[in-house]
Every structure is written in C-alpha cells, then in structure tokens.
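Note on naming: letters A, B, ... go to the chains in the order of the sequence lines (proteins, then strands), and numbering restarts at 1 for each one.
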Amino acid sequence: MTSRRIRIDVPALTRVEGEGSLRLEVRDGKLVELGLSIFEPPRYFEKFLEGREAREVVDIVARICGICPVAYQISALNALESLANESAPDWALTMRRVFYCGEWLQSHALHIHLLALPDFLGFDNAIAMAGQHPDEVKRGLKLQGLGNALIRLFGGRSVHPVGARLGGFHHAPAADDVSALTHKLKAAQADAADLTRFCASLPLPNDPQDFIGVALHHPDRYAMECGNIRTSTGLMLSAAQFEQHFHETQKSDSTALWSDFDGQPYLTGPLARLNLNHAQLPDFLHTRLGEIGLALPSSNMFHSLIARAVEIELALHEAITLLEGYTCPAAPYAPLSLQAGTGYGMSEAPRGLLWHRYEIGEDQLIKAARIVPPTSQNQARIEADLHRSLTAFGLDHDEDALRLRAEQVIRNYDPCISCATHFLTLKRVER
Amino acid sequence: MKSLMTKPRIAVHKFSSCDGCQLAFLNLGEALLQLNAQVDILHFLEAGMSDAEADVDIAFVEGSLSTPDELDRIRQVRAHSRYLVTIGACATSGGLQALRNLDGNHDDWRDAIYARPEFIHTLKHVKPVAAEVKVDLELWGCPVSSAQVLAAVRALLFGVAPVDDRDRVCLECKRQQAVCVMVTQGVPCMGPVTRTGCGALCPRFGRDCYGCYGPSETAQTDTLARRFAGLGLLPDAIARRFLLINSQAPAFLQTGRVFHRSPARAQPPGDQDD
Amino acid sequence: MTHPALPTEALILNRIQETEDIFTLQLRLTDPAQQWRLGIQPGQFNMLYRFGVGEIPISFMAIAQDEQGQSVLAHTIRALGRVSQALAALLPGDRIGLRGPFGNGWPLQQAEGMDLCVVTGGLGCAPAVSIIEHAFANRALYGHIHIIQGVKHSADLLWRSRYEFWAQQPETTVLMAADVAAPGWPWYSGRVTELIKRLPLNPEHTLVCCCGPEPMMQASAEQLIRQHVPADAIWLSMERNMQCASGHCGHCQFGADFICRDGPVMPYPRLRDRLGLEGV
Amino acid sequence: MPTADYLPRHSLSHLFDLLQQHGYRLVGPQVIDGAILYRPLTAVDQLPSGTEQVQQPGQYRLIQTDSSRRFSWANGPQALKPLTFTPRETLWRSQLHEDGSLSFHETPEPATPTAVIGVRGCDLAALALQDQHFADDPYYRQQRDALLLIAVDCSHPADTCFCASTGDGPDAKAGHDLALTELDDGFLIRAGSERGKNLMTALPLTAASHASHQQAETQYRRASQQQRQLPTFDPAQLIHLGGHPAWDAVADACLSCGNCTSVCPSCFCFSESEVPELDGTASSHQRQWDSCFSEGHSYIHGHRFRPDTKGRYRQWLTHKFGSWVEQYGRSGCTGCGRCISWCPVGIDPLQVLAQLGDEPPTSN
Ligand SMILES: Cc1cc2nc3c(=O)[nH]c(=O)nc-3n(C[C@H](O)[C@H](O)[C@H](O)COP(=O)(O)OP(=O)(O)OC[C@H]3O[C@@H](n4cnc5c(N)ncnc54)[C@H](O)[C@@H]3O)c2cc1C
Ligand code: SF4
Ligand code: SF4
Ligand code: SF4
C-alpha cells in the first residue's frame, strides 16, 4: 500500500436534520483524526422554559424539533402528568399512542425515502432518485403523507400540532374523519409490506458490531408513547432513575452534549427497540421477519433501515387497531391539577429515547427543566461506529467511497441534529 | 420583480431553528416532485442538495441569527440571491429562542448549561434575518404551511409579489365556523391580534390561539391585554401570552413588556370586569 | 349559461408606454358573442384580469376601429402594485380576462348642446381623457370645451402633446397647473381652483366633469358653484377599493352608495355632504 | 271545523321523516363546542334538549336543564348566512392553454335542497335583507333557492336580544315556509307559504287546545319583554356625527377583530382572491367573507380611508344603522344581539348609539 494522505471534510452534512459536519483524516492507512461535529446553535430551551406555565410546555417543547414534535409533547406530558392528582382519561392515553404512530410513520418514511435510500441506490437526493424510481419515491411520500394526516387528525397540523394538552387532547376528532382516515391507512398496509421487503432486498453492508442497546419497554405492548427503560445489558430503569446511569458531557469541538450509559456509548432508536421488544410484535410481523430473513437481535447497524420499515408496518397496524370502533368521548381531557415537585417522563421518539424532567414550583410555574434527546445519546455510538466501520470497510478506498460510507453510517442513525443541541444539561461537568 | 423566464433557481437555507419550516417543502408529498418540475433546487441540505454559494433567484431562509457565524452566512446568502424570503417565526421575528433577548440572560444561561462555555459562540441577542440583511418577503408562522410556501413560489413564478395576508385569526375563525373560545370559555385567545395563515387551527380545536403567526394588521394589543386582565390574568401571565413565539415582533414586544416581570400585585391598567 | 360575472378573454393587440409607469393596452375581445361588452361609455370601467394574479378596475379610455373594422378597446393603466405591475409585464399577443362594463359614465345626454368643462387632478386623467376624446369625436354636439388639468409636479403631466393639440382647437381652452413646476413649465404653477377662477364660464350652460383626488374635486366643485355653475351640473368620478364591481362586495361603499354601481361618476349634490368626512 | 294546528312533541320526528321523504337534507340546531350551531342532522334526538343559555356582552354559555324542550335557547353564533353566503367559495376558474389563450369556467355546484329547522324571526328578517342585497348574485341565489325554512318562535330570548324593538321577533313574522311555537308538550304549527301548507297536510296534526293557545300567548308576551331596546336616533344623521367623543371611547375598547360583522346575519362584505395551481396552468377565483374592520377593506393603492379602529367602527355602525336605511329601506339590524355576545370585549353598539343620541356632538 502506497503512503497516502486523505483529508475528508464534509462541511455541511446533507440529508440529516439540522447542521453537522464531518472531518476525517487517513494517513498511511490509519485513521488519525475523526470528528463529527455539531454546530447547531444552542437555543436554550431548558432555560426559557423556566418561569412558564405547565400548560404552555407542550407548545414550547414541540418547537425543539420540527420532525418529532409529537415525541416532545408526549414525553413532556408524561413528565408533567406524573405530578397530577389523577391520570389522563383512558381514551386520551390510547389516542396519544395513535397520535404517536403518526409521527413514527411520517418520520420513518421521510428518513427512508428522502434521507437514506439515495445512498443505497446511488443518488444525491430523493428528487433525483424519483426520476428512475418513481414508484418507490411516491410510495414513500404517500406513507409519509399518511403519517402527517394522522398527526393532523389529533393536532391540526403535522409540524407543531396544537391538539395535545395536559390531561388529554383539546379536541376529539370527529368519527367520520377517523373512519375516512382509517380506510386510507388500511389501504396503505400492502404498500408498507412492500416497503419492508424492498428495504430487506437492498444490498446493505454486512457489518456486525457490538453495542449496548437501550429502549423503552412496556409490559403489554411494543413500547412507543410510554414505558420503562430496558437495556441490552439487562437493566430495567424508571424515568426517575435515568440520571443515575446516563450522563452528559460536552465535547470541546461541538455545541452538542454527548451522553453515555455508565461510561459506555450506547444505541437508541429503531434497531435498539426492535432488538429489545421484537417479541411483542403482532403475528403478521413475525411472519414478515421470517419472510425477509431478519434474525433478531441483529448486530448489523445497517438493519436500522429495515427496523424502520418494520416499525412503519407496526404503526399502521396499531393505528388501525386502536381506531377500530372509534367513538367520540364525552370529554377529550380531564382537568388535572399538578402538585409541586419533580416529574420525569419519557417516550420513544422515532430516533429513540427522549427523556424529560421538570420541576414545578408552588406557583405552578416551571422551576427547572432538563431534556435529553435521542441524538445526543447516539452521538458517542456514531463516532465509535464510524471508527469501526471505516476501518472494516478499508481505509484504502478512495476519498469518495470513504466519504459515502461515512455519510451512510451517520445517516443510518437518522441523527436529528436540530434537537441534538437544544437539550443541554444544567449540571456542570467536571473539567 | 421581473418575470422569471427561465426555470428559477431556488435555495433553502437553515439557520437557528427546529427544521420545521423546511418541512413545508419536505411534507409536500407528490407536490414536491411537481415543484421540482417548476424550479431548480440548488441548495437544500436536508433534501440532499448542497451548493450554498450558488447564485439563485429565490432563497428561502429558515431560522434566526444567533451566532456570529450566522451573521456572516446570511450576508453570503443575500449576496447570492435575487429574492430573499424568510420562512417562519425564527427567521421573521427571532422565534422562540429570542426569549433570551428579554432580560439579557444569555451569558448566564450559557454558563449554566455548558461546562465549557468558551466553546459556545452565540450572540447575546437573537436577531431576525431582516435585522441584518434586506428581506424581500416575510412568511410568518411557526411553522409556515406548505400552502403559504407554494403560493409564494407560484406568485414569484408569475413575476409578482405574493399576497401578504395580514388579516387576523378571528376573521378566519368565523369563516371556518369555529366557536369563539374567548366568548364561550373565557380563555385568553390571541386570535384578535394574530395574523391568519393557519386557518384558525387552535380555535377549531377548541383552544386559544397562542400567536404563532405573529401580529396582524393594526393589532390592538393593549386592548386585548386589558381584556385578558378582565378575564382574570395576572400581569406576568399576560406578558407570557405576548412574549412567546414572536416575542420580538414590535406589536407583541411592546405590550408584553408593559406586563413582563411586573410585581404580581400591581394592577394592570384598565377595566377588570367587563 | 354564462353570466356576466364571468370574465371574457381579451387579446392584447398593442401596448404603448405612455410614461415610465403608465401604459396603454389596446385590446380585442376574442369571443364575438361578448361584443356587447363594448357598449361602453366614457366614465365606465372594466375589471381587467391577469391570469393567476387578480383583477383590478380600470376606466375605459377609448374605442377605435382597426384596419379590419374590428373594435379595439383601450385602457390606460398606471403600474403601481401587484396586478397593475403584472399587467404592465404583458406584451402584444398575450391574453387577459375582462369583465364589464360597470358603473355609470359621464352624463353625455345631459351635456349635449352645452359647454363642457373637464377638470382633472393628478392621475385622475384617464377617465377624463375618454370624455375629451369623445367630445372631439362628436364636436358638433358640444359648445366650448374647457380643459383644466392639475398635477402635483410638472413632470407628472401625461399626454402633454395631446393637451397641446387640444389647446389649438377652436372653441377650446386648455389650462394647466402644477403645484410644483420645473423650470420651463409654460403653464400656471399653483392650484387648480385658481385656474377655475380664470375660466370664461357660461355657468348656466356648462356641464362639469371632474376627476381626481377627493379634496381637489371638492374644492373645484365649490369654486365652480361660487362661479354660479349649478351643483347638479357638476359630476365627479369617485374611487374606492373594488373587488366584485357588481355592488355586492361592500368595499366601495361611500355612505349609502356603491361606487361601482351607483358611480363611479356621480352628481355633486349626491356627494356634497359626505365628501371630506373622515373615514367615509 | 277547528284547524289542525298542533303537533305533539313525539310527532316531531314525523316532520323530519316527511322532509326527508321530500328529498330535503336537514339542517338544524345542535350543541357543538359549547354553542348552538346549525349543522346537518337526520334525527330529532340530535336537537338540543333542555338546553338554555346565558348571553351577556362578550359571553355565551349553555345551561343544561331537565326540560324536554328542543328550542329553549335564543340563538348561536351564526344565523342562516353561511348557508346562503358561503364563507369561502370559488366563483370561477380560469385556464391558460398551451397556445397562450385563456378560458373561463363557472364552477356550478348544484345546491342540495335543504330544510332548515329552528330558524328565528330575527334571522328570517336578516335573510330578507340579504335577499335584497344579493338579488342578482348567482352564487347566493343558487343556495338560497334550495332552502325550505321551518321557523320556531323564540320563547327564551337572551339578555342580548332586542328583536322586539326592531320589530323582527321574537316570533317568526315572514319568510318562513312553516313556523312552530314550542310548548311544553308539543308545537303549534302554521304555514307561511304554499309549500308549507302542503307539508302541513301530510303531518299528524290535531286541533290545539285553548290552553295551548293561551300558553303560546303568555310565552309570546314574556319573550317580547326584552331589556335591550334599539334607542331612537336619526339614521341619516349618524354619518355626520364624526366628531362625537363616543367614537374615541369605543375605538379604545374595540379590537377591530371583525367578529361582530362575521356573526351579523346581514353583513355582506367579501374580498376576492386568486388561487393558482402550482403548475401555473389553472387558477381559481375565490371570494371569502371580509369585514369593514380589516385594513384591506378601505385600501386603495397608497392610501387607506380608514387606517384606524375609530374609522372602521364608525363605518360599521353608520352603515348598519344609518346608510342601510337608504340602501334597503330599513336598518340592517334585526335585533339578534349576536354582535354583543360574540364581541370578545363585549362592546354593545346600542350603548354607542345611545351615547351618540344623548350628548350633543362636538363639531366635526
Ligand atoms: C372606477 C375605477 C377606475 C379606475 N381607473 C383606472 C385607470 O383607468 N387607470 C389606472 O391606472 N388606474 C385606475 N384605477 C385605479 C386602479 O384600480 C388601481 O391602481 C389598482 O387597483 C391597483 O391595483 P394593484 O394590484 O396594482 O395595486 P395594489 O396596491 O397591489 O393593490 C392590491 C389590491 O387592492 C385593490 N386596489 C388597490 N388600489 C385600488 C384602487 N385605486 N381602486 C380600487 N381597488 C384598488 C385591488 O383589488 C388591488 O388588486 C381605477 C380605480 C377605480 C375604482
Ligand atoms: S419558525 Fe417555528 S417551525 Fe419554523 S424553524 Fe422556527 S421553530 Fe421551527
Ligand atoms: S376564538 Fe379567538 S380567534 Fe376565534 S373569534 Fe374568538 S377570539 Fe377570535
Ligand atoms: S390559531 Fe394561533 S397559535 Fe394556533 S396555529 Fe393559528 S396562529 Fe398559531
């Protein structure tokens, strides 16, 4: 091997949400520098939440991320409602899961089609890809559209929906609207199945690696809108125990905070979920897993793509099942009153675990807030993966090939960098 | 502006934001492909196009200016664009993150959050794009809707300025036949001073508008604040209504400031019981 | 059935740049079944529609015949905002939509056998030019023709050559005033009302057509009355926002009148006690 | 022979059935989102039951009682206006063809025959006003001609109502096909048109008892005793009171939000706009409700005749109660009180009128 030096500088990563860049340097066949840096400017959400009313929180935290506002709203509600005298009505809790299904559906479909697939089919972007793969792209846009429609049903619009509130929803959808949409969801199930088969048929790199998986787990159902933390190392933790094991530190070249689990990088997101909770998938999805030959747990990070497709099928199925026989409730919410104290809450955002903590004072205003989003949790894992994958791929590849592989690896985590830095710990970290 | 004869070139730039306004494009579904038939998208990182330096006919800018670097970047964007359109509250009025401007808290907040604040280069005050460069058109809303963005593109394709609809939410609320929440529930609705564009979403969902589209034409914010006081809101709570997503929009800022951090016992001016 | 609310297609035959921002479109209606729309009187107006952009009210300027003997309609437009600028961008061969004619024109019948006094201010000239052209085309029907045109700045004067031409016609007086005059302005500098004072009027036998900003029209009318012109011989052309032009949308109300339907040309006594009221 | 004019409460469904048999879509009052709204319905039990209401300036609340009355409320935020003057509709479409030519198309949507149940006297009077205004408007006419109106005399006017003083209520006076008087156990019924008469013959009616008629009479008298009354003023003079201090006071209290015009059953202003398709080959020309409280209402390029709330409020009041008389032979107000209840800040125009009449105007 000839002595050579490659510097790859991707000043602005494309097809990720938010702003990040990648630098890597290979010298004499060795990776001498690798930096995934995030320059998304901090917006200090946790600080301006202080002094706001508890009921305002859902409208504020939605704005942390335009891609997964529902996740922010539900994690916040879980945290705040843990301080309430009673729980939100069953109807509302069920519908929150449906609302959440909408977000999984739209976010996963967006990620697969607009962000990830071009990598595997050899295009710069989905619009270029649509020229040669119009059916796949249209199928994806349609699924994304259905996810958005589901969010709109409960929230009026798919970005920063306005329907969620403490104690339930502001408004219950009309039964006619529900049945019309359910109809469309059913009609899309075949598309979703095709999508899973299609994703499984892609020539995904086979690159098994060891990692710790972390996901919510719920005793009765595939965890989404609530649950407790389960790790592949065998721990079960409540939201209140999160901070005992998960710590954030600030990287010097970045505005992002990195999270570790007892000092280790870990994975959160679709593959972690599927690995930990696949037993709870409905029968038809077990069949599908058999059909496509996906053995779980999987240690190939690139199976995240298939995991998203499977979760699209799951979200459709769940929404259809839960909306079956829908009737308007007497009241879409219960007027809750909150006690002063600290509330913790979590949910599984499309990209992974999203944890919130709020301290509420006697005056019913927020005294302190802390939010840990999925991307900051995956950060360390992404760098570890990059190191491993690029070395395994072969550092003697040419610059373009290395860059593409690096970007594939990063996109595989669907990092949502916009939120990555909105959430910052209040604790000072040792220098 | 003159008619755009050839296929216009467009760019979508992101500054400090949540990415939600870019979704007005990415959520278009098949219309995204139609749009692509009408224009050349040269730069749009999230969609996979990267050419920030390209000269374009229309640049859509999402996000506010919150770092020194962003100040440089917006000047570049301006220099490379014929027509610059801000999309959303962040770009147009600073957005939620501009709440840090209110009490000049930036440094404290940064130091409280970051172990190594020396690596954090953020501006003390968040600025809307127009504070730094000339803006040709502002699309309000948090987020902007696909319909707004498409209408703007379409108008520019026809070579005319897009219509700037500054009507208040109340008008649309009634057109949508929503039931007024202020009158039936006594909740403090910002609809009377907020511009339309959302289709009166919140009142249609049985809740109060929280002003995400910014001030309407002739926004009677002081009158509305007095009404809120009449509904029983304390001064700080009134301030919170006006100082939220568009806190830097002058009409909201002015009224919000009157009540912001005023002692809870101080009575707001005006009637208490109408 | 197609009803009159539906526009009809008009072909742009010619486009004349009158000043930097004023242009004239010469139009032909493409559908012979729509020719009834050309029974239009000076002072009436059409709604001109630019595809995909919108509609605006524009006064009728003139109708002429082209070489083939087909009617050609002219509208003179100032490019100001969205729609007028979009119309300004059009070229011969382009198509627009047209609805009309709407409103009441100048009282031509009542004017026959009388002297005509046309008082215009600023850009109010397009509807007034239409009546001057009409009067010269039917010269025998009218007595003396007085033309008074006031502009803010001498540079605003439109159709200077036309005024100069009219000034040379027999039985015609042309007086011009500019509030602010550049050097070389051969006419008066000052207000239109001062010019009115100088007119050799035959008050009993004069019909006045006035068009311009409301304060100017009001002042002119009062001056004319002082000079013994009967109030009901003074006609003003009014302007308000118009959306439908059919008396429904409510935007053009001026007191009890809908300007699009009851105007735009109205007798002074009808307007007298409302002109000058703030916010009406 | 005594006339058959009594419909027992349980037979109300016969009326519903009959209308449906005649091919009518039914629209009637329902309790939705805390208000009485006219919406499509199919069965009697969708009507409010025992619902009463409290209306105050800027306030509207429903109250549930044990009564089995269906119409024991005064009104909701909208009268018949949205049914005939659609809040937003496409007037025509244009198409740009390959050769550069333009074509224009109507967008006729044949109106479904619709029977509206529960119409109030004040709203019938307002409909008559709109009938005058929109007499030659094809879009309005089409919807209007499809209506069959079944009125119910108002037995429970709200505190904001003043129809007795405008002469438009509380009973249905004209313009209805059928009118009902709701009593404790049923309805007195009368026809106002040939269509109404024909329908009546197909209903299981009996002759009303003397007691029923007496109850109706008492009810009518009570409903006519309304606190609020239209003050006396000279409509032709309103427009000349521009210098009156009352305008400044009301401008200070007013949000310029336009709710009063939107809920007013006679207000007719609309604006037009163009909605082109993305590909630029077709476009819709639409109209939507506008208000004299909006900036655009008095806009001409470079100038607004009414830049502030004071001018806009004056336009509204002087038009509704003043110039309307000249336009349509009567005031534009039929006493429904909606502009009082649905004003978010509770402005009562009657008070403003009274002030304008009371104090001598300062000069203008
Ligand atoms: C009866 C009548 C006759 C007219 N005749 C002529 C004429 O011959 N030549 C000429 O140049 N101008 C004429 N005008 C004025 C012309 O209609 C306006 O200049 C034009 O509407 C401006 O539209 P815009 O879209 O370019 O401007 P913008 O400022 O963008 O206006 C937006 C919209 O407001 C409305 N609007 C704005 N100004 C006016 C106005 N003055 N009158 C009515 N609606 C308005 C229109 O709907 C317009 O599209 C006439 C106006 C009226 C009422
Ligand atoms: S304006 Fe709102 S939606 Fe748009 S980027 Fe900013 S926070 Fe997101
Ligand atoms: S609900 Fe809000 S927006 Fe709607 S009319 Fe009432 S105050 Fe206006
Ligand atoms: S009603 Fe108000 S807060 Fe709600 S979406 Fe519309 S503008 Fe935003």
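Using a 4.5 Å cut-off between heavy atoms, B:Gln34 touches chain D through backbone and side chain atoms alike. Contact of D:Leu62 with chain B is not made at all, since no heavy-atom distance falls under 4.5 Å. For a residue to count as touching a neighbouring chain, one of its non-hydrogen atoms must lie under 4.5 Å from one of that chain's; by this rule D:Glu274 does not touch chain B. With a 4.5 Å cut-off on non-hydrogen atoms, D:Gln78 touches chain B through its side chain but not through its backbone. Heavy atoms of D:Thr86 lying under 4.5 Å from chain B are absent altogether.
D:Leu129 CG to D:Lys81 NZ: the interatomic distance, rounded to the nearest 0.5 Å, is 11.5 Å.
At a threshold of 4.0 Å, the pair B:Glu217-D:Arg312 counts as salt-bridged, since one of the basic side-chain nitrogens sits closer than that to a carboxylate oxygen.
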- Can you list the steps and then say if D:Arg39 with D:Gln46 is a side-chain contact (heavy atoms from CB on, under 4.5 Å)? CA-CA 10 Å; D:Arg39 290 290 146 86; D:Gln46 288 170 272; over 6 Å; no
- Message: As a quick check of understanding, evaluate side-chain contact (heavy atoms from CB on, under 4.5 Å) for B:Phe259 and B:Arg240, giving each step before the final call.
- Response: CA-CA 9 Å; B:Phe259 299 93; B:Arg240 281 193 291 270; over 6 Å; no
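Within 6.0 Å of atom CD in B:Gln254, 12 or fewer heavy atoms from other residues, nucleotides or ligands are found, so the atom counts as exposed in its surroundings.
With chain B as partner, the option from D:Pro276, D:Ser273, D:Ala35 having the largest number of non-hydrogen pairs under 4.5 angstrom is D:Pro276.
Using cut-offs of 30° and 60° for the angle between ring planes, the D:Phe268 and D:His319 rings count as perpendicular.
Counting heavy atoms from C-beta on, the side chains of D:Cys260 and D:Phe293 come closer than 4.5 Å.
Under the 3.5 Å distance criterion, the side-chain polar atoms of D:Asn259 are left unmatched by any main-chain donor or acceptor of D:Pro344.
The stretch residues 174-183 of chain B places B:Lys174, B:Arg175, B:Gln176, B:Gln177, B:Val179, B:Cys180, B:Met182, B:Val183 near chain D, each with some heavy atom under 4.5 Å from a heavy atom of that chain.
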